[in-house]
Amino acid sequence: MSQPTSATGRSEPPRYNFRETEAKWQKAWEAAATFKATADQSRPKYYVLEMFPYPSGRIHMGHVRNYTQGDVVARYRRAKGFNVLHPMGWDAFGLPAENAAMEKKVHPKTWTYQNIEAMKAQLKVMGLSLDWSREVATCDPAYYRHQQKMFLDFWKAGLAYRKEAWVNWDPVDNTVLANEQVIDGKGWRTGATVERRKLAQWNLKITHFADELLKRLDTMDRWPEKVRLMQANWIGKSEGARVFFELTGAGVEPGETLEIFTTRPDTLFGASFMAVSPDHPLATRLARHDPALADFIADCRRTGTSAAEIETAEKKGYRTAVSVKHVVKPGETLPVYVANFVLMDYGTGAIFGCPAGDQRDLDFARKYGLPVIPVVLPPGESPADFVIRDVAYVDDGTLYNSGFLNGLPVADAKRSIIRHLEENGVGKGTVQYKLRDWLVSRQRYWGCPIPAIHCESCGVVPVPAQDLPVTLPDDVEFDTPGNPLDRHPTWKHVACPSCGKPARRETDTFDTFIDSSWYFDRFTSARCTTAPFDRAEHEYWMPVDQYIGGVEHAILHLLYSRFWTRAMRTVDLADRDEPFAGLFTQGMVCHETYRAADGSWLFPDEVKHGEDGAVVRASDATPVSVGRSEKMSKSKKNVVDPDQIIRDYGADTARWFMLSDSPPERDLEWTEAGVAGAWRFQQRLYRMLGGAIAGLPPAGAARPPAFSDAATALRRAAHRAIIGVGEDVERFHFNKGVARLYELANAIEAFKPTTDADRWALRETLDIFVRLIGPMTPHLGEELWQMLGGQGLLADASWPTPETALLADDEVTVAIQVNGKLRATIRLAKDTAKDAAEAAALALPETQRAMAGKPAKKVVVVPNRIVNIVV
RNA sequence: GCCCCUGUGGCGGAAUGGUAGACGCGGCAGACUCAAAAUCUGUUGCCCGCAAGGGCGUGUUGGUUCGAGUCCGACCAGGGGCACCA
């Protein structure tokens, strides 16, 4: 491929020098503080936000795509007259900094701030319309002191609590993970198999808002359906009943009950056993006098939690010495098992088994020879013939073998049995959620310290507000695994704020998802020292009107942020219910993968594409196998460095390519040819404008009274593009907006002005064109704007207003079909009467030929669209 | 296993139930050039045909409709989410 910046030939027009030009306009924007946002009640606000990056040290193409999309929206909204807030910051706490400390002997703080500086420089050359005066880094005590204060407020309000619990322990990172961070039984970051440990941990009571978090999803119409669905599934609401069974047998207190949760109380008459989790208190108690049960429980704990293990794990149970009395069949008892498939942390950790109505229960019953009593008769079956074999019947039907429920459909039977249970005091209808509380303790150094103190006499006490922030000590060592805070010689020793006796600081730090649960609130007044944010500013700017980021945060980050917003409302810090009014999830950036003959991965710039289509290694011309396009990742080396692309082609080319071709929600295939095409278009526009500008009337010249047909057609194209591109940007159809701009550029180039009126029309069209392209390629836009003699900066120019008269057609193309097949098209005056359109269609020779002399049975006329003749 | 999304030229992708393939990439032919690059012009879904023209085409298969890429049913393929949640 050609070097885009190679020397030009003698007689060629000057090339667009993006390097100088991009730097020039970046300086101009900075000097004019163009993107600095100030709250202004008299203007409508628009808050655009892209998910802030972790400061890994270098931006990647995913960032480029994300920030380009946000920048187009931000610049477009500015042009439309909105007061735009478009800030940027750093999700700066987290494990990679500690790993770097261990590997490279550099302090996490030093490493992080160096990375921030490097990435900031990279973002600056992208030409983003960011208000850097609001920059925040979550590792800054000026940021996290407010986080600590909010935590104390939440604690006081009962939204934060400590609980001893079985936790997911990542043996590589030596830390606890939230349930959401365990994927297929592996740590989300390390991929290590998660172990179970019992520890006292801090939790945030997200379950308190379970129902509200679920219900509000329905009203969030500017969120992708997919994300709302994922969150709804995650919250996992199910309605059912709790039922209390009286226990009998050795070691049971008189009147003691076993409480179970079920979504199918209607099948109670089909119960044939009870099962409790190996972690259930009853199991633990019975195991004390039953060594075989103790062995069984230990065995269950050894079984891993990975998907594969669960998939293949056999249903196993242990028949305990106790039974329960059947709640609806007086005189009958049911055996109580401890079963490996019953989860302790869902419902009550105990179930009743109805083998006929649940596949797991059926498998279990077959294995242990328990009765299978069918209680729901499928439609069209007769009670005498219907039998359950290997498949449980879980669908709707009519109840039978079920006493007073007989003859009822499932829904009615549920209502009836719940009423019965409640009247007899042996159960009640309840709602159950899958959502668990958010475990936020992490045994790490590089995170926000949890502001709590452990005192032997007073228990766990909050750090007094005036002592905040609790800052991290700088003098820490990373040569041994575990938490450096815990090992620090002095940091954790402190006097108890309540009794003054020696006490010890909490050495756990917060999950970094807390840091990102309110950074968008902080941006509304990032330098506020007295509170997390100024309430009036917050009130003005929030909610975020358009949030943009990866779908991988569909659950964790977005759900936590929705929780945090509600928690702040609870402690009267803010009034909002939802933080993000609009959400857009962008697709990944992908690239082909390359492998050398020895199987090792190759970077795209290590391979050469030959004339004959063969792909070889650049260094030695050995063959390379080309793999399918996948998400860019360091491990497969299919990465392209944004820095290099911007250096070779400029930021506008990178931006334009990111926006063209692929719809933004889909994956984007990064190709050299595509980039080259984007580059050529930048050059073409520069040439086009340079060539057209000479001889045009000055900006602001009086509009001529009349235009030629060609000029009118051009003006029509331009004015329609104003509406079209605007709608495309608002709907995130950037690729369509790009296509429209190509079309307008094509129309401009095809237009050859011959009169003054033509030249006026051409200037008008160029002016419109430059304003429309500004949000996408802002540097080139400014340069063209200046060439056109535009006033001030294009970044401050308004989106053009179309002339209504030019938006309507006076002639339309109408398709003529015979029996639904296209035979011709004709031009008709707009809104031609139906019978006139029909007559025109029938008169056409193409129509006559296709009708082959047969009479028209029926003619369908859709005005301005189509005439369909049925013969 | 359950839930969701997506299948359109060589490729990325356009199409309020109304002209399928906009726009771009790539290809082909030509102009400019000593030559190339760059640039410009034309052309480009497939098949038959010198042409005029005709036929076929949106994963497969049924249906609704004057008319289906679009709506409905079944199936196939790819992707994503959840997963012993009672």
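Numbered from 1 within each chain, the chains take letters A, B, ... in sequence-line order. Hydrogens, waters and symmetry mates are skipped; everything else that's a heavy atom, side chains included, is used.
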Expressed as a whole number of angstroms, how long is the span from [X]:[atom1] to [N]:[atom2]?
X      : N     : atom1 : atom2 : value
A:Q359 : B:G1  : CD    : C1'   : 10 Å
A:L559 : B:G81 : CG    : C1'   : 14 Å
A:N864 : B:G18 : CG    : C1'   : 12 Å
A:K434 : B:C84 : NZ    : C1'   : 11 Å
A:F341 : B:A86 : CZ    : C1'   : 8 Å
A:F681 : B:U39 : CZ    : C1'   : 16 Å
A:W234 : B:C3  : CH2   : C1'   : 15 Å
A:E239 : B:A86 : CD    : P     : 12 Å

Over all heavy atoms of both residues, which pair between A:N819 and A:V870 is shortest? Give the atoms and the distance, please. OD1-CA, 3.4 Å
For A:L668 and A:S660, the nearest pair of non-hydrogen atoms, with its separation, is CD1-O, 4.4 Å
Atom pairs under 3.5 Å: protein N/O with N/O of nucleotides 24-33 of chain B:
unit_1: B:G24; atom_1: OP1; unit_2: A:N746; atom_2: ND2; d: 3.3
unit_1: B:G26; atom_1: OP2; unit_2: A:R680; atom_2: NH2; d: 3.3

Identify whether any heavy atom of [X] sits under 4.0 Å from a base atom; if not, whether one sits that close to sugar-phosphate; answer base, sugar-phosphate or nothing.
X      : answer
A:R740 : nothing
A:K821 : sugar-phosphate
A:V342 : base
A:L229 : sugar-phosphate
A:Q817 : base
A:N735 : sugar-phosphate
A:V870 : sugar-phosphate

Establish, yes or no, whether a centroid distance under 6.0 Å links the rings of [X] and [Y].
X      : Y      : answer
A:Y742 : A:W656 : yes
A:F657 : A:W679 : no
A:Y368 : A:F273 : no

Quick one: look up who [N] pairs with, Watson-Crick or G-U, both distances under 3.5 Å, and put none if it's unpaired.
N     : value
B:C40 : B:G30
B:U16 : none
B:C82 : B:G1
B:C50 : none
B:U61 : B:G73

Those residues of residues 722-732 of chain A lying under 4.0 Å from RNA chain B by at least one heavy atom: none
I want to verify a distance call: between B:A86, B:C40, B:G18, whose nearest atom is closest to the A:R687 side chain? B:C40
Which listed nucleotide (B:G18, B:G54, B:A86) is nearest to the side chain of A:S238? B:A86
Start at the 5' end of RNA chain B and walk down; is the nucleotide closest to A:G820 or to A:M344 reached first? A:G820
If each of A:R823 and A:V551 is mapped to the nucleotide of RNA chain B with the nearest heavy atom, which maps nearer the 5' terminus, i.e. the 5' end? A:R823
Using the ring of A:F341 (Phe, Tyr or Trp, six-membered ring only), decide whether A:K315 places NZ or CZ under 6.0 Å from its centre and within 45 degrees of its axis. yes
Base of B:U16 paired with side chain of A:R865 (donor-acceptor, under 3.5 Å): yes
Check if the side chain of A:K857 and the base of B:C66 share a donor-acceptor pair of N or O atoms closer than 3.5 Å. no
Whole-Å [atom1] distance, [N] and [M]:
N     : M     : atom1 : result
B:U61 : B:A77 : P     : 16 Å
B:C40 : B:C50 : C1'   : 30 Å
B:G17 : B:G12 : P     : 25 Å

If you compare every side-chain N and O of A:K858 against the phosphate oxygens of B:C66 (OP1, OP2), does one of them come in below 4.0 Å? yes
Taking the inter-plane angle between the rings of A:F245 and A:H326 on a 0 to 90° scale, is it parallel (under 30°), tilted (30 to 60°) or perpendicular (over 60°)? perpendicular
Are A:T430 and A:F261 side-chain neighbours, meaning at least one heavy-atom pair lies under 4.5 Å? yes
What verdict does the side chain to side chain contact (heavy atoms under 4.5 Å, CB included) test give for A:N864 and A:D831, after you've listed the backbone C-alpha separation in whole Å, the side-chain angles of each residue and the deciding distance to 0.1 Å? CA-CA 6 Å; A:N864 303 325; A:D831 298 328; 2.8 Å; yes
Which is it for A:T593 and A:N638 under the side chain to side chain donor-acceptor pair (under 3.5 Å) test, yes or no, and what are the steps along the way? CA-CA 5 Å; A:T593 48; A:N638 59 336; 5.8 Å; no
Output, in order, the C-alpha distance, side-chain angles, deciding distance and verdict of side chain to side chain contact (heavy atoms under 4.5 Å, CB included) for A:R562 and A:L217. CA-CA 11 Å; A:R562 296 182 64 215; A:L217 287 173; 3.3 Å; yes
Okay, side chain of A:D728, backbone of A:F734: is any donor-acceptor separation there less than 3.5 Å? no
